> 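Right, I'll just put the structure down here and ask away after.
Only a predicted model underlies this, so the values are computations on that prediction, with no experimental measurement involved. Below, all heavy atoms of this structure are taken into account, side chains as well, without hydrogens, waters or symmetry copies.
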Amino acid sequence: MNDQQRNPNPNGPNKNGGNTPPKPKIFPLIVTGLIIFLMMNLIAGWISNSSLEKKTYSEFLDYLQAGQIAEVEFTGDRIIFLTKEEAAKDERLQINYYTGLITNTDNTNLVRQLRQKGISINQKPQDNAATVYIIYQILSTVLLVGVMWFLMRKIGAMSGGMGGMGQSKAKVYMEKETGITFADVAGQDEAKESLEEIIDFLHNPQKYTSIGAKLPKGALLVGSPGTGKTLLAKAVAGEANVPFFFISGSDFEEMFVGVGASRVRDLFQQAAKVAPCIIFIDEIDAVGHTRDTKFGSGANDQTLNQLLAEIDGFDSSKGVVCLAATNRPEVLDKALLRAGRFDRQIIVDRPNLQGRLDILKVHTRKIRLTEDVDLRQLAQATAGAVGADLANLVNEAALRAVRKGRQAVNQEDLLASFEVVIAGTEKKNTVLTDIEKRMVAYHEVGHALVAALEKHVTPVTKITIVPHTSGALGYTMYTPEEERFLSTKDELMVELRTLVGGRAAEEVVFGTRSTGAANDIARATDLARKMITIYGMSDRFGLMALSTVQSKYLENQAYMDCSQATAAEVDREIQELLARVYGEAKDILLRNRSLLDEIAQYLLIKETITGAELMAYIEADQKAAQKTEETPSAPAGEGDAQ
């Protein structure tokens, strides 16, 4: 690769791989300062003369002889006078007249005449007022030029200089400067396969063009935050061995209209000079969101229009590929997503069990682990976690091992760090009253006992009543035995009963209700609403879809898509469903009241128990009940005889 290819920007790359903005030049600033100084003098002279009206010396003498002058002031080479007519007017409406002095002799005679007529005479003191005024103007001009120079430097630093505000702010990576390859990306095999094909096309185009295939112009990476979209792009940079332009969607926009479109043009011009290359636009929704219905609605539309034109304009045979990433595909303009622009949409989804295991292996390669570490168990416990969550979990485990004074990370550190991620650290200074502690214990055992006594349920692995920084006074942890992608109605009903089991235990034991069930109620209500409005599990509404999910990869919030009357019926259906599962949960706890008391008392003593300890109590109780049923009752009368 020659020097021109390594440095496509004439200004040179900075230490981050970006473009170095040109510094503002001093000579144009000096010229600007002189122009401002002259303009200030002209304006000052115009302002000083704007309230004076010129008269000839003869007219002045005529006014004097007629006795119409009220006041005279001698200043420099002028005589400024005020007539009696003007003096009688409002001060804001007065007009002063001026004329020039003739000679000093005339000046002396003139003063004598003025005194004889009783006219007020004023002589402006001879000082350096003019010099001071000039110095003041010079200093103010210098200050103004200094402020301009400072602002130009700031704008140059932010926007590539006054002469380069339209230049692209893309960071240029060459070869393996990112330090990341596909070996550092795990859990996204399908996405890697699609990107590897694009890279192979760049390296061996004849293999594809020989049968008439064309290089895809663009690929859009879509997925939830933390799934590894940007990491995949950096891995592409590490694998491609071609120039890689990295820019965020927000970098196109500036306070000046038209800068975004100019930066788009500059970016694609730079890419065309060093092709084959890859352009990556992170968070493209910042610039590619749907245009308004009004024509030419703003700078964002101009930038998007220019981006569409540039993607259409470049020739894919030259090897320019445009990659982009977003977690809001629903807001992107349809023209941006059509075939011929972004030909592929690569879904970067949450990893499955094997994917999480592979990600944990990647992030623990440089971590010293003990022999008891079981990454598969951790992968099972972290269902739904994304790559960023798992990376944070491993780092928290390493930090915990250091705090404990160990030289390696063990299984306890990994599981404890998982709890820190989901519930926060333990609040050691929080002291609960006896009644609060008993209520929390029964609440958590209520969850666990309802779950353990049901079928189709995720096994309980831990119960604790130790407060955590997330606000939870205790929690019950469940770990799935296998990866599940579908849920039946029976399984969701069990989950609903488990969620309301804590509140049911409070009412069964204490006959009251506490605020500790707020999160459980919110989750149960959300699940019940989805069962009725999305999953079609309601006998009343059947298969009718009543809500629409928006922002699938962000908050995944569902919005009602029905009439208000139907929405009111949905609310009643949800209320009836929750009341039914709540009653069923109470029945389960009432039938097993002795077991509930026994486990709660044990939890109050130990504060934290495992799922195995919970199941030991349940199995012992079931064996005792079975033994009681199998023991025959004594015949009537034998007891009396004894």
> Keeping the roles fixed (side chain from Asp358, backbone from Gly355), state whether a donor-acceptor pair exists under 3.5 Å.
no
> Could I get the full list of salt bridge (charged side-chain N to carboxylate O under 4.0 Å, His left out) partners for Arg376, not counting sequence neighbours?
none
> Tell me if a side-chain donor or acceptor on Thr290 pairs with a main-chain N or O of Val331 at a distance below 3.5 Å.
yes
> Output all residues satisfying side-chain contact (heavy atoms from CB on, under 4.5 Å) with Ala397, sequence neighbours left out; order by chain, then residue number.
Val409, Asp413, Leu414, Ser417
> Can you confirm whether more than 12 heavy atoms, excluding those of Arg523, are under 6.0 Å from its CZ atom?
no
> Does any donor atom in the side chain of Glu310 or Gln269 lie under 3.5 Å from an acceptor atom in the other side chain?
no
> Can you tell me how far CG of Leu323 sits from CD1 of Ile281, rounded to the nearest 0.5 angstrom?
9.5 Å
> Have Asp285 and Thr326 got a donor and an acceptor in their side chains that come within less than 3.5 Å?
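Side chains of Asp285 and Thr326: pair found under 3.5 Å.
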> Indicate yes or no for a side-chain donor-acceptor contact from Arg350 to the backbone of Gly384 under 3.5 Å, with no hydrogens or angles considered.
yes
> Lys229 vs Asp282, test: salt bridge (Lys or Arg N to Asp or Glu O under 4.0 Å). Steps then yes/no.
CA-CA 9 Å; Lys229 299 184 295 297; Asp282 198 10; over 6 Å; no
> Counting C-beta onward and ignoring hydrogens, is there a side-chain heavy-atom pair between Pro276 and Val320 closer than 4.5 Å?
no
> Considering non-hydrogen atoms only, spot the tightest contact between Arg341 and Ile311 and give its length.
CA-CG2, 3.7 Å
> Between Thr566 and Ser563, do the side chains contain an N or O donor and an N or O acceptor separated by less than 3.5 Å?
yes
> Does any non-hydrogen side-chain atom of Arg356 lie less than 4.5 Å from one of Leu390?
yes
> Arg263 versus Leu267: any side-chain heavy-atom pair under 4.5 Å?
no
> Give a yes or no on whether a salt bridge exists between Glu197 and Arg344, defined as a side-chain N under 4.0 angstrom from a carboxylate O.
yes
> Any heavy-atom pair between the side chains of Val321 and Ile279 that's under 4.5 Å?
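Counting from C-beta outward, Ile279 and Val321 never come under 4.5 Å.
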> Is a side-chain N or O of Asp343 found less than 3.5 angstrom from the main chain of Gly340, in a donor-acceptor match?
yes
